[in-house]
Amino acid sequence: MTTAVRKKLSANDVGTTGGHQAGILVPKEKQVLSFFPDLDKTVKNPRMKLVVFERESRERWEFNFIYYNNRLFGEGTRNEYRLTGMTKFMRAIDAKVDDILVFSRDENASFEVEIIRASTSSSLQIDGDTLVLGGGWTVIHSS
DNA sequence: AGCCATGCACCG
DNA sequence: CGGTGCATGGCT
């Protein structure tokens with residue numbers, strides 16, 4: 001069983017909006033969260049290093065999976081999951097708005113990322129149960 | 001809910 | 001001193 005999540009990239013995701021870091025927002029839907037490692041919600045802003053291999057080049061990257069949750073502690077307004085530290089990666093693969101990032105993982109294997117260019121995204125194949133969520137996210141379970 | 005933005009710290 | 005990342009708030 002392989003699980004994959006796809007995210008259509010926004011301008012902020014690829015780092016072209018003037019923000020100080022490229023990175024993407026991860027929705028709190030269970031289907032997406034369960035794909036990523038568990039973070040301890042009883043501590044403030046838990047984070048985890050995510051080792052990811054690019055599918056084509058086999059290059060190794062490290063992203064951060066963080067749960068900004070200061071709201072739960074009455075110290076702020078945040079209650080969201082984010083993937084950060086992706087600036088160099090986005091540049092290296094020349095990610096553009098509307099390109100799609102695919103994260104996949106099988107059983108206990110390490111994470112993989114693949115980019116699908118906007119120009120070819122119409123050829124996206126669906127070979128399992130797919131679940132389309134908001135924010136440009138799609139979850140795929142396939143065997 | 002999702003995307004955009006920024007003050008400050010740190011590091012080359 | 002310019003770029004990057006952390007943690008946070010803002011805008012729609």
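Below, chains carry the letters A, B, ... as their sequence lines are ordered, and counting in each starts from 1.
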Would you kindly give the [atom1]-to-[atom2] distance between [X] and [N], to the nearest whole Å?
| X | N | atom1 | atom2 | answer |
| --- | --- | --- | --- | --- |
| A:L9 | B:dG2 | CG | P | 15 Å |
| A:E29 | B:dA1 | CD | P | 8 Å |
| A:L25 | B:dC4 | CG | C1' | 11 Å |
| A:K28 | B:dG2 | NZ | C1' | 10 Å |
| A:R71 | B:dA1 | CZ | P | 10 Å |

With a cut-off of 3.5 Å and sequence neighbours excluded, list every side-chain donor-acceptor pair involving residues 109-116 of chain A.
unit_1	atom_1	unit_2	atom_2	d
A:E112	OE1	A:R55	NH1	2.5
A:E112	OE2	A:R58	NH1	3.0

Open item on the list: According to salt bridge (charged side-chain N to carboxylate O under 4.0 Å, His left out), who are the partners of A:K49, at least two apart in sequence or on a separate chain?
Closed with: A:E62

TODO: Tell me, please, which residues at least two apart from A:L131 pass side chain to side chain contact (heavy atoms under 4.5 Å, CB included).
DONE: A:Q31, A:L133, A:V139

Open item on the list: Categorize A:K7 for me: base, sugar-phosphate, or nothing, with a 4.0 angstrom heavy-atom threshold over every strand shown.
Closed with: sugar-phosphate

Task: A:N79, CG: over 12 other non-hydrogen atoms inside 6.0 angstrom - done: yes

Task: DNA chain C: 5'-proximal contact among A:R91 and A:I66 (nearest heavy atom) - done: A:R91

Open item on the list: On DNA chain C, does the nearest nucleotide to A:E75 precede the nearest nucleotide to A:N64 from the 5' side, or the other way round? Give the residue.
Closed with: A:N64

TODO: Considering only heavy atoms of chain A and a distance under 4.0 Å, specify the first and last nucleotide of DNA chain C in 5' to 3' order that meet this criterion.
DONE: C:dT4 to C:dG10

- [ ] Rounding to 10 degrees, work out the angle separating the end axes of the helix from B:dA1-C:dT12 to B:dG12-C:dC1 (five pairs an end).
- [x] 10°

Open item on the list: Looking at A:F65, I'd like to know if the NZ or CZ of A:R47 sits under 6.0 Å from its six-membered ring centre while staying within 45 degrees of the ring's axis.
Closed with: no

Would you mind reporting whether [Y] and [X] have side-chain heavy atoms less than 4.5 Å apart?
| X | Y | result |
| --- | --- | --- |
| A:E75 | A:K44 | yes |
| A:L83 | A:F103 | yes |
| A:I66 | A:L50 | no |

- [ ] Mark yes or no for whether A:T16, through its side chain, and A:A11, through its backbone, hold a donor-acceptor pair below 3.5 Å.
- [x] yes

Open item on the list: Closer than 3.5 angstrom, by distance alone: can the side chain of A:N70 be matched with the main-chain N or O of A:R78 as a donor-acceptor pair?
Closed with: yes

Can you check nucleotides 5-12 of chain B for protein contacts, nitrogen or oxygen pairs under 3.5 Å, and list what you find?
unit_1	atom_1	unit_2	atom_2	d
B:dA5	OP2	A:T17	O	2.5
B:dA5	N6	A:R82	NH1	3.4
B:dG7	O6	A:H20	ND1	2.7

Task: Residue that, paired with A:K96, satisfies side-chain hydrogen bond (donor to acceptor under 3.5 Å, both in side chains) out of A:D94, A:D98, A:D99 - done: A:D94

